[in-house]
Amino acid sequence: MWFQIILVLALLGIAVYLLRSTPSPRHLAIRRLVMLVGILAGIVVIIWPDLLTVLAQLVGIGRGADLLFYVAIIIGLLYTVNEYKRSVRLARLNTRLAREITLTEARLNDRISELEARLDSGRRDASRSATE
C-alpha cells in the first residue's frame, strides 16, 4: 500500500517538474547523478537478480518484475516530460532567433536603401555641377 503512495508522489513530482522553469546547472548535475545511480542499480540487479524480488517484497509488491515495471513507467513518464519541456524551450528559442533575423534583415534593408538614396543624390549633384 505505501509503495502506491510513493508512486503517486512520484507522478505528482513529475507534474511539478513539468511546470518548473528552465533547467539550471544544478538541475543538470542532479540529472547526471540520478542517471549514474540508475546505472549502478541496473548493474546490481543484473548481478543479483533475486535482490529485486526481495526489494519488491519489502515495499509490498509480490514480484521483482512488477517493481521493475512500475519504476520503468515512472522513468518513462519523466523522460517524456523532460523531452517535452526541451522541445518547447527549443521552439521558443527558434522563434526568438527567427524574429531577430527578420528584424536585423529589415534594419539592413533600411540602411541599404538609405545609402542608395544618398548615393543617388550625390550622383545627381555631381551631374548638375558637371553640366553647369
So, using side-chain hydrogen bond (donor to acceptor under 3.5 Å, both in side chains) as the criterion, who are the partners of [X] when residues are at least two apart?
X    : answer
E114 : R111
R99  : none
R86  : E83

How is the hydrophobic cluster of [X] composed, in terms of its other members, when Ile, Leu, Val, Met, Phe, Trp and Tyr link through side-chain heavy atoms under 4.5 Å apart, directly or indirectly?
X    : result
L97  : I101
L103 : none
L33  : none

Separation of [Y] [atom2] from [X] [atom1] (nearest 0.5 Å):
X    : Y    : atom1 : atom2 : result
D120 : L115 : CG    : CG    : 11.0 Å
S113 : R118 : OG    : CZ    : 12.5 Å
N82  : L78  : CG    : CG    : 6.5 Å

>> Taking salt bridge (Lys or Arg N to Asp or Glu O under 4.0 Å) as the cut-off, I'd like each qualifying pair that reaches into residues 58-79, sequence neighbours left out, listed once.
In response: R63-D66

> Should L68 and L40 be regarded as members of a common hydrophobic cluster, given that ILVMFWY residues are connected when their side-chain heavy atoms come within less than 4.5 Å of each other, either directly or indirectly?
Replying inline: no

Listing, residues 7-14 side-chain donor-acceptor contacts under 3.5 Å, not counting sequence neighbours, or none:
none

Side chain to side chain contact (heavy atoms under 4.5 Å, CB included) partners for [X], two or more places apart:
X   : value
I73 : F69, L77
I39 : M35, I43
N94 : none

Which pairs would a plain distance check flag for residues 44-57, meaning a side-chain donor or acceptor within less than 3.5 Å of a matching protein atom at least two apart in sequence or in another chain?
none

>> If you define the side chain from C-beta out and look only at heavy atoms, does anything of I75 sit under 4.5 Å from V71?
In response: yes

